[in-house]
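Only one structure is covered here, and it is reproduced in the block below.
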Amino acid sequence: MDPTRRGFLAGIGMLVVAAQLPEAHAAASSAPGELNAFVAIAPDGQVTIGIPSSEMGQGIITALPQLVADELDVAFEGIVVRHAPVEPEFRTQVAITKEQLTGGSMSVREWHEPLRHAGAQARLMLIGAAAKRWSVDPATCTTERGVVAHSSGKTASYGELAAEASRIKVSSEPPLRRPNTIAGTSVPRQDLLPKVTGEAVFGIDVRLPNLLRASLRASPVFGGRVASVDDAAARAVKGVVDVLVFDDFVAVVAEGWWQAEKGCRALQITWTGGDTALDTAGIEAVFDEALAGKGRKGHKVGNAEKALEDGAIEADYSVPYVDHAPLEPMNCTVHLDGEVCRIWSGTQVQTRTVEAAKKLTHREVELVTPFLGGGFGRRGNVDFIEQAVQIALQVERPVQLIWSREQCTQHGFYRPGAKIRMRGKVANGRIEALHLHGTSTNILYRYLPNFLVNLVGFAATFPLEGLRGKECPYGIPNHLVEFSNADLPIPVGFWRSVGHSHNGFFLESFIDELAHAAGADPLEFRLAHIEDERYRRVLETLREKSDFGNPPEGRFHGVAIMECYGSVCAEVAEIEMIDGLPKVHRVYAVVDCGEVVNPDIVQAQLMGAVNFGLSAALGERLDLKDGAVVQSNFHDYPLLRMVDSVEVLGFTVRGPDSPVGGIGEVGVPPLAPAVCNAIFAATGKRIRKLPILENLA
Amino acid sequence: MKLRVNGEDHEVDVDGDTPVLWVLRDSLDLTGTKFGCGIARCGACTVHLDGVPVRSCVTPVSEVGTQEIRTIEGLAGPEGLHPVQQVWVDHAVPQCGYCQVGQIMSTVALLKAVPSPTDDDIDAALSANLCRCGTYPRIRAAIRALGEP
């Protein structure tokens, strides 16, 4: 980086993210003054903090270093962050594996303590080095933003001490001071500057000398394979270097991506195999067949079936398959450099990426994770990584694979479509019985061995998350929740808030139906069934902040609450019906996520999650026809735009026993039911099938 | 063919039907302008042609002629950030950040035409720019802050 640029950045006090430079990983891994796996301090005092998680907009590139800096006692400005380098110490236990990954709103939850410990340990090592140098008791030393001091007046900077400090032995779990002078404050996001100047390097922006580009076409039908390829026209496109045929995709490699994509458009491919008869109606039929049988129990209290024998309020609810649609298309850059396979990709799953590349190349793998242009769970899959590596093995130069938007839309790992049959009964203002039977394709079958998923009840009923046992706050004397798997070939995966994304809509809409059947205020009705203090506090705060039930003239309120990944979030949607369509004017969101590392980022996540949820609720759906996804781009898969966006008034509360919870996803599940409950209040029309606009248009 | 980008002349050897987006990103290594959809539906590729915002993913380079292309790389001046960039920082607008270059380019053009935009003006001008992270309310607040007299 040129010196004037660095000076400019230093003046603004923004950090330099080591992943800006393609060769950064090699340079950063030999950072001097390494005190532990997370903290290194150079002789000039430059602090470098390595973080395990991938930055995809959720703000961890700021929040995680805040936790370290808080205990370490250094100024936050000027810290260099190593963005998700692959390190064994950066792995975390996930189901049956230990791996480095970002998802499940777990970055702060998993790492807040280890990061604080790392900062605290480093600080004690630095004190130890100073104490040794001065022959004093370490307990008589203090620190002040990067300087160790002794009562005698002696001082030494962290930079001076770091080399000696790295030899001082200190417990890896020292006591934490929790000064919360950096953690707990709204320090400015550290990636703002490069993201407004265009200098931020996303995977798609990686540039290497002699770089080839690739585009591809994969089988439109899931499970299909290439039957024949006529590539004459593709090869004739200026700049095209090669056409590569694989089992289930064809890639065109060219000097520039436009030429590669033009080549793809000129390919004549015939496909074979896969379920070419599968369509939306067929999916519905599989759901109905699943619901006709008995399910695997996810929750059972009392005897709901008996209690509902003599009549019940009944409703079927459903949601479609939806796409993640991060704005940066899937991409991966691969350089087979002698014995080393070098990869650059905005991945959420570093360990899986490295393992997949190792398996294909039989080489050591070095992975650099640039910024992710949105993840939402989609970048937790390595399909495009494997394709890029396969392509790289066939060419002599580094190559960057980029998917077109059409390929992204039609080759996702979707939020599964889901259907649920619900029956309930109220008496004397209380829910007497509730029976829910849900179906969808269990995501876990794609990520864990079948036998294991079937063996472990919690895994077998994973699509019921949010509805089982302690996940559901309502005290109901007869309560049965069961799940039947829908065996379908459509690839499914983790979409922001996962099963909560549909179960929040299902449960909170039906609770609303029961509230109305009981003639009760929907928010009071919920409180009447909830004992848990954390939920009660959130709802009571929401009631006050939204003035629930007293919307401005012409507007209507709907409420919903859900717990997800350690946090509880409740929302009130304030809507107005205009020409038969809902205009969401504002959403009040109250969340208990325990410790708040950066209040402004928490607000941003609530705003983002609500608008993300609104996009899906209003207009997103994927259809299948002849075994292939119908929608292809943003003209027929409409995302929320500025004109329909909603202002969010967010509030945090914290109970004395509130655990540290996530914030990236919990704002999503309550949105759809809050809006639909408001639509009911406004019109008397109950929306039981998303997206909303298909019910009203 | 010759192209003028951010005040500099460039010589590029590409077919005339190549979209300006890919000339910028692949021929000139100006990667600030982004690819999101390729059909002018997401706005991530927004640049200015003689000050007018266009979607460079559907603008063939043969149509540029002597018009000056301005990209995000040409926005900040020697004194520092463009006021739109600065207000984006002040309001902590970006999350993943991928759409923000396009949002900023659309906003610069809007403010030139309408110095004090109303919410309706913002809706009309910025609804061409998708944000999957949902930063719209902060974009709106940032624009309103700049617009106020």
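Keep in mind it's a predicted model, so treat the numbers as computed, not measured. A, B, ... follow the sequence lines: proteins, then strands. Residue 1 opens every chain.
Judged by distance alone, the side chain of A:E571 and the main-chain N or O of A:A589 form no donor-acceptor pair under 3.5 Å. A donor-acceptor pair under 3.5 Å is formed between the side chain of B:S116 and the backbone N or O of B:G147. Put simply, the side chain of A:W403 never gets that close to the backbone of A:N331: no donor and acceptor are under 3.5 Å apart.
When each of B:V14, B:D26, B:V23 is checked for heavy-atom pairs under 4.5 Å with chain A, B:D26 comes out on top. Per-residue counts of heavy-atom pairs under 4.5 Å with chain A were compared for B:C131, B:G97, B:P94, B:S127; the largest is that of B:S127. When each of A:E647, A:E255, A:K262 is scored by its heavy-atom pairs under 4.5 Å with chain B, the top score falls to A:K262. Per-residue heavy-atom pair counts under 4.5 Å with chain B were compared for A:V643, A:N611, A:D644, and the maximum is reached by A:V643. No other option in B:A141, B:C133, B:G32 has as many heavy-atom pairs under 4.5 Å with chain A as B:C133.
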Could you go through the salt bridge (Lys or Arg N to Asp or Glu O under 4.0 Å) check for A:D205 and B:K34 one step at a time?
CA-CA 9 Å; A:D205 300 324; B:K34 304 301 185 203; 2.6 Å; yes

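Using modelled atom types, one finds no donor on one side chain facing an acceptor on the other under 3.5 Å when comparing A:S186 with A:Q603. Side-chain contact check for B:D121 and B:T118: at least one donor-acceptor pair (N or O, by modelled atom type) lies under 3.5 Å. For the residue pair B:T71/B:N6, the side-chain donor-acceptor check at 3.5 Å is satisfied. Defined by atom type and a distance below 3.5 Å, a donor-acceptor pair is present between the side-chain atoms of A:S615 and A:E620.
Proximity to chain B is absent for every atom of A:E261, based on heavy atoms less than 4.5 angstrom apart. For chain B, the nearby part of A:L372 is the backbone; its heavy atoms alone come within less than 4.5 Å. The contact between B:A128 and chain A is made entirely by backbone atoms, counting heavy-atom distances below 4.5 Å. Both the backbone and the side chain of B:D13 have a heavy atom closer than 4.5 Å to some heavy atom of chain A. The contact between A:M56 and chain B is made entirely by backbone atoms, counting heavy-atom distances below 4.5 Å. Using a 4.5 Å cut-off between heavy atoms, B:I122 touches chain A through backbone and side chain atoms alike. For A:I402, the part sitting under 4.5 Å from any heavy atom of chain B is the side chain, from C-beta outward, and nothing else. With a threshold of 4.5 angstrom between heavy atoms, B:L75 does not approach chain A through any atom at all. For B:D120, no part lies near chain A; criterion is any non-hydrogen pair under 4.5 Å. In this structure, the portion of A:V646 lying under 4.5 Å from any heavy atom of chain B is its backbone and not its side chain.
Electrostatic pairing of A:R405 and A:D323 does not count as a salt bridge here, judged by no charged N lying under 4.0 Å from a carboxylate O. With respect to B:R138 and B:D90, no salt bridge is recorded, no charged nitrogen being found less than 4.0 Å from a carboxylate O.
Geometrically, B:R25 does not engage B:F35 in a cation-pi contact defined by less than 6.0 Å to the ring centre and at most 45° from the axis.
Residues of residues 41-51 of chain B having a heavy atom under 4.5 Å from any heavy atom of chain A, listed by number: B:R41, B:C42, B:A44.
Under the 30°/60° scheme for interplanar angles, the aromatic rings of A:F202 and B:Y98 are found to stand perpendicular.
Exactly one residue among A:L639, A:V584, A:L640 makes a side-chain contact (heavy atoms from CB on, under 4.5 Å) with A:L618. That residue is A:L640.
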